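Structure first, then comments.
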Amino acid sequence: MRREAEQRARELRALIDEANYRYYVLDAPSIPDSEYDRLLRELQELETRYPELRTPDSPTQRVGAPPLQDFAQVAHALPMLSLNNAFSEAEVAAFDRRVREGLGRPDEEVEYAVEPKFDGLAITLRYEDGLFARGATRGDGYTGEDVSANLRTVRAIPMRLLGDRPPRVLEVRGEVLMLRRDFERLNAQARDRGEKTFANPRNAAAGSLRQLDSRVTARRRLSFFAYGVGQVEGADLPATHGGIMAWLADLRFPVAAQRDTARGVRGLIAFFEKLGAGRAALPYDIDGAVYKVNRLADQEVLGYVARAPRFAIAHKYPAQEELTTVEAIDVQVGRTGALTPVARLKPVFVGGVTVTNATLHNEDEVRRKDVRVGDTVIVRRAGDVIPEVVGVVLERRPLRDLLTPLHEPFRMRDTCPECGAPVLRLEGEAAARCTNGLACPAQRKQAILHFASRRAMDIEGLGDKLVDQLVDRGLVATPADLYSLTREQVAGLERMADKSADNLIQAIQDSRGRPLARCIHALGIRHVGEQTAKDLARHFGRMADLLAADETALQSVADVGPVVAASIRAFLEERHNQAVILALQHAGAWVDGEPAPREALPLAGKTFVLTGTLPDLSREAAKSRIEALGGKVAGSVSKKTDYVVAGAEPGSKLMKAEELGVKVLDQDELLELLKGVVES
Ligand code: IVH
């Protein structure tokens, strides 16, 4: 029995390690979560029964250990150095020149290993005879803190090296970081509990790694990427840095997929630009590229100056976060009347542009961050995302004195800044709204801009300056009025040349006869985005049928639930909106199509049977979503059944399904299936 248990424990460990590797390193899961949980539970049970089977490299040890009093200090076998920075092409060129001259080959192009500069925390991992022995932070470069217990919880870090003949000692150097989605999730949880949030993934990773209670770290989901080695004994090193990275990848360490080699300054800059172009789409933050002379023999010749290598440099992107001060907090009115507090800032260069405004999202956010006029704040602009205020540097809040007034905490205004109408905040909603609807000029302008936008009716050249004038002069009150504008009216606007007036009139003409889906999207119904508009158009085919649909009929459309259905009904029942739709019809703004025939729907001909209770979907909701896509829901299982959807406490239907070999889905698998057919 004992022997069998030992054998099974070894098997389970190998299976779980493999699953971890596939999931956390390759990002290509091999088994469903439910199966993973089953394997882990089985191993835990075995280890409880036979405690001597519980090895330190067991995957069961990744859930954290009892809290520590403090971290032990560790002296690094080889120092952990830092990199010099370059902020411009000229600085990169100067680095490359120093390298060529240092190598005594001034006219030869040098080959560099190039990789992302991860925005996390440096750590070193020590493996002895193939087993994870210890991991430490960088500290001052010579001595760091032993954070082994926390690192054990990071599933991307192997606890045992792959292969039969591991090196006597291997130190792997790399960066611990938090994926953006894990960071968002962590902050969302903190917000729900009214706890402090982290300003960025880097701070969240640092806070999590320096937890004395590793069980907390385990819940935080840290990630890791290797970028080099420290001490190595009992293994021959490859001749290049690229070779080292390939070796580490073979040993199952996560390494950057973008790593590459490049020659000369031109090659380095090309890599920098390519990496930068893909930066926003990466699942984690990077703050630059790192260039390393590829041949280790050359690295040795170049050596170090002070505490940084001469053979490597970090080429940094412009910072995405900067400090500046808040000059005022205004409130802007959006298309649906939502009031958004906006910080007016002392101009600051961040993320490559000068920023003067940053969103504060809503009243609760301003209060939670406690942003006040006069405060020094961290402003973030990442990619093309709207700049936002991340937080206040409280230590720099001005103290009350005779000259500076003390600013009060922010309070949302009671009236709309544009039209003076009362402001209302419904329970459960984050946004306060102006109650004036399209009678509010700000909402009217936004509604017209949205109507004309590229993904809606696509009226080229109708930007905010023009819409401001058209509305302020009373020429246009609703989107439908656009179609009766005359050339003379447009030509009379400020800064409007004859040619531009012609172009605008032409663009409005060209927008007649758009597909129904675009026109539904253009109406700006709350909760109805581009995709829902497409689903509605496909389902109903004609605007008249959409207008006639009640909430039940609306909910038979894929992904339209009670909230969306109610919002559509509320919009369509309003007299003003009905008049606009009628006028748009007269203008020929859209063309109707045919409703989708049932047999063309993606699940046509498929029969489902539901049994047991699903965690988040009521039986009715599951049924209506299956039917919306053309599927049928039957009461009993037969050979003709395609899928049985089983929840908790399933009945005999599940047994029947297994007997007949019918495919069984759980809730997640059903949702995946529904999503898959909608997207394809
Ligand atoms: S190599 C001898 N490669 O940047 C130099 N560092 O400023 C060893 N970092 O402390 C560092 N990504 O935390 C290297 N691909 C990369 C890196 C990287 C991020 C960090 C690391 C280091 C700091 C140096």
Side-chain angles (χ1 to χ4, degrees), residues 76-87 91-92 95 99 112-125 135-145 147 151 154 156-157 171-179 200-203 205-206 209-210 222-232 237 240-249 253-262 268 271-272 274-276 278-279 282-296 298-317 319-320:
H76 300 308
L78 286 177
M80 294 179 74
L81 303 170
S82 60
L83 293 169
N84 288 324
N85 292 324
F87 293 97
E91 286 172 6
V92 174
F95 159 74
V99 166
Y112 295 94
V114 294
E115 50 199 46
K117 184 170 192 303
F118 302 101
D119 197 6
L121 294 99
I123 55 151
T124 181
L125 304 170
T137 60
R138 193 180 106 130
D140 63 4
Y142 299 95
T143 315
E145 286 178 324
V147 286
L151 292 171
V154 180
I157 298 179
E171 272 185 13
V172 175
R173 301 271 164 95
E175 200 90 344
V176 161
L177 48 83
M178 191 178 280
L179 300 186
N200 52 42
R202 188 180 181 288
N203 289 5
L209 191 64
R210 297 203 68 262
L222 293 173
S223 299
F224 172 76
F225 283 96
Y227 55 62
V229 294
Q231 192 186 14
V232 180
L237 276 190
T240 60
H241 179 75
I244 293 183
M245 298 309 288
W247 179 46
L248 292 179
F253 287 93
V255 294
Q258 303 81 356
R259 72 189 193 282
D260 203 348
T261 54
L268 296 179
F271 176 75
F272 184 73
K274 187 165 144 215
L275 186 67
R279 181 181 183 196
L282 287 176
Y284 46 80
D285 285 354
I286 62 173
D287 57 349
V290 181
Y291 312 141
K292 301 170 182 172
V293 171
N294 201 16
R295 280 190 48 205
L296 302 191
D298 288 343
Q299 290 191 358
E300 208 162 308
V301 171
L302 289 162
Y304 299 82
V305 53
R307 296 179 56 190
R310 279 202 196 85
F311 56 79
I313 199 156
H315 188 184
K316 305 272 286 255
Y317 294 111
Q320 292 187 321

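First listed ligand is number 1; within each ligand, the first listed atom is number 1. Worth saying up front: this structure is predicted, and the values here are computed from it rather than measured.
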Review point. What residues form a side-chain contact (heavy atoms from CB on, under 4.5 Å) with R202, not counting sequence neighbours?
Key: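 side-chain contact (heavy atoms from CB on, under 4.5 Å) check on R202 returns D119, N200.
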Exercise for review: Taking side chain to side chain donor-acceptor pair (under 3.5 Å) as the test, write out the residues that go with R210, two or more places apart.
Suggested key: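 Residues passing side chain to side chain donor-acceptor pair (under 3.5 Å) with R210: E145.
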Practice item. Examine the side chains of Q299 and H241 and answer whether a donor and an acceptor come within less than 3.5 Å of each other. Key: no
Check your understanding: Given L209, which of L151, L177, V154 fulfils the side-chain contact (heavy atoms from CB on, under 4.5 Å) condition?
Key -> L151
Filter the ligand 1-protein atom pairs down to N or O on both sides and distance under 3.5 Å, then list them.
from, atom 1, to, atom 2, distance (Å)
ligand 1, 3 (N), K292, NZ, 3.0
ligand 1, 4 (O), K117, NZ, 3.2
ligand 1, 7 (O), L83, N, 3.3
ligand 1, 12 (N), F118, N, 3.1
ligand 1, 13 (O), E175, OE1, 2.6
ligand 1, 13 (O), E175, OE2, 3.4
ligand 1, 13 (O), Y227, OH, 3.3
ligand 1, 15 (N), E115, OE2, 2.9
ligand 1, 15 (N), P116, O, 3.0

Review point. What pairs with Y284 under ring-ring contact (aromatic ring centres under 6.0 Å, His included), at least two apart in sequence or on another chain?
Key: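 Y284 satisfies ring-ring contact (aromatic ring centres under 6.0 Å, His included) with F118, F225 once adjacent residues are dropped.
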Check your understanding: Parallel, tilted or perpendicular: which fits the ring planes of H315 and Y291, with parallel below 30° and perpendicular above 60°?
Key -> perpendicular
